[in-house]
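Comments concern the structure below.
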Amino acid sequence: MSDNLEHSFVKQLQENQNIIHKICRLYTNGDDAHKDLFQEITIQLWKAFPKFRGDSKFSTWAYRVALNTAITLYRKTKRSINTIEFEGRQHFLKDVEYNYEEEEQIKLLYKAVYQLNDIEKALVFMYLEDKDYTEIADTLGISEVNARVKMNRIKGKLKKILNPLGV
């Protein structure tokens, strides 16, 4: 591969590495598993990079490759991957004013999201990243209408998980 291609890849990867870290956090338990998945996703991105045509943003393409890699590995192992608590797993984020109530709400949301299946997790992750339904659909390889319908069903599921008594 040419130096230009390698330089371009490294630059794009550096700019978008938080995408990969967030996906790793959703699909792994522990630092070693996180590092292994990050490495595997990076390898898959590198292998596929020469075929990246730029039809979509690099971040959209990286989401797709990263999610497909994580989901494929998740399914191959045919085991339940225990995820970890949200606290202490923030990467490359500067400290801001701390809000304990907000942290507790985020913990509850993550616990609820962990109960979803792999595709639902991916959809919620992208939704929480403020991706529009067009980009979500493109990344997951589904129609925009299907993405909206799935998200509405997931919201209902999350409401039941977070408020089982319906109070």
Side-chain angles (χ1 to χ4, degrees), residues 16-42 44-45 56-57 59-167:
N16 293 281
Q17 67 180 313
N18 282 338
I19 293 168
I20 300 168
H21 282 296
K22 289 174 185 176
I23 291 170
C24 291
R25 184 171 60 229
L26 281 175
Y27 289 94
T28 62
N29 180 19
D31 286 339
D32 290 340
H34 181 105
K35 289 175 185 173
D36 288 346
L37 182 56
F38 186 91
Q39 181 178 2
E40 184 60 32
I41 290 170
T42 302
Q44 295 306 317
L45 286 168
S56 62
K57 293 188 287 187
S59 61
T60 302
W61 176 78
Y63 271 119
R64 176 176 274 180
V65 173
L67 286 168
N68 285 338
T69 301
I71 290 168
T72 299
L73 288 175
Y74 178 81
R75 288 181 177 162
K76 275 186 184 177
T77 59
K78 291 186 181 178
R79 61 183 166 90
S80 174
I81 298 176
N82 295 322
T83 53
I84 58 174
E85 293 294 323
F86 178 74
E87 61 187 307
R89 300 299 306 160
Q90 298 176 11
H91 295 276
F92 308 104
L93 299 176
K94 293 180 181 177
D95 285 341
V96 293
E97 192 173 310
Y98 198 70
N99 183 332
Y100 289 100
E101 186 177 316
E102 185 177 308
E103 182 189 353
E104 288 305 312
Q105 290 174 345
I106 290 171
K107 281 183 186 179
L108 289 173
L109 178 62
Y110 266 78
K111 282 183 179 182
V113 170
Y114 290 147
Q115 295 178 43
L116 301 174
N117 70 40
D118 49 4
I119 299 298
E120 291 170 336
K121 281 182 188 177
L123 210 153
V124 168
F125 168 71
M126 295 187 72
Y127 181 82
L128 292 174
E129 288 288 305
D130 290 329
K131 301 299 176 189
D132 61 33
Y133 283 108
T134 304
E135 189 169 353
I136 292 171
D138 184 43
T139 302
L140 297 179
I142 59 177
S143 72
E144 191 174 333
V145 170
N146 195 353
R148 288 179 189 278
V149 169
K150 283 182 181 290
M151 193 62 224
N152 282 331
R153 288 182 182 153
I154 293 167
K155 285 177 185 177
K157 244 185 181 179
L158 289 173
K159 282 180 187 174
K160 284 182 182 176
I161 293 169
L162 291 168
N163 189 8
L165 301 176
V167 178

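Quick note: residue numbers are just sequence positions, from 1.
- Using a 4.5 Å heavy-atom cutoff, the side chains of Thr69 and Ile23 are not in contact.
- Annotation: the span from Lys157 atom NZ to Asn117 atom CG amounts to 5.5 Å, rounded to 0.5 Å.
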Side-chain donor/acceptor pairs under 3.5 Å, residues 123-130, sequence neighbours excluded:
unit_1: Tyr127; atom_1: OH; unit_2: Lys155; atom_2: NZ; d: 3.1
unit_1: Glu129; atom_1: OE1; unit_2: Lys22; atom_2: NZ; d: 3.2
unit_1: Glu129; atom_1: OE2; unit_2: Lys22; atom_2: NZ; d: 2.9

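- The NE2 atom of His21 lies 11.0 Å from the OG1 atom of Thr28; values are rounded to the nearest 0.5 Å.
- One finds the CG atom of Leu140 at 6.5 Å from the CD1 atom of Ile119 (value rounded to the nearest 0.5 Å).
- With rounding to the nearest 0.5 angstrom, the SG atom of Cys24 is 12.0 Å from the NZ atom of Lys35.
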### Task
Take Leu108 and Glu104 through the test side chain to side chain contact (heavy atoms under 4.5 Å, CB included) and record every step on the way to the result.
CA-CA 6 Å; Leu108 289 173; Glu104 288 305 312; 5.6 Å; no
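- The NZ atom of Lys131 sits 4.0 Å away from atom OH of Tyr63, with the distance rounded to the nearest 0.5 Å.
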### Query
For Thr139 and Glu135, what are the C-alpha separation, side-chain angles and deciding distance, and is it a side chain to side chain contact (heavy atoms under 4.5 Å, CB included)?
CA-CA 6 Å; Thr139 302; Glu135 189 169 353; 4.2 Å; yes
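- A donor-acceptor pair is defined here as one N or O able to donate and one able to accept, closer than 3.5 Å; such a pair exists between the side chain of Tyr27 and the backbone of Asp118.
- Once rounded to the nearest 0.5 Å, the distance linking CG of Asp32 with CG of Leu37 reads 12.5 Å.
- Between His34 and Phe38, the ring planes are parallel. Angles under 30° get that label, and only those over 60° would be called perpendicular.
- Considering only residues two or more places apart in sequence or on other chains, Arg148 meets the salt bridge (Lys or Arg N to Asp or Glu O under 4.0 Å) condition with Glu144.
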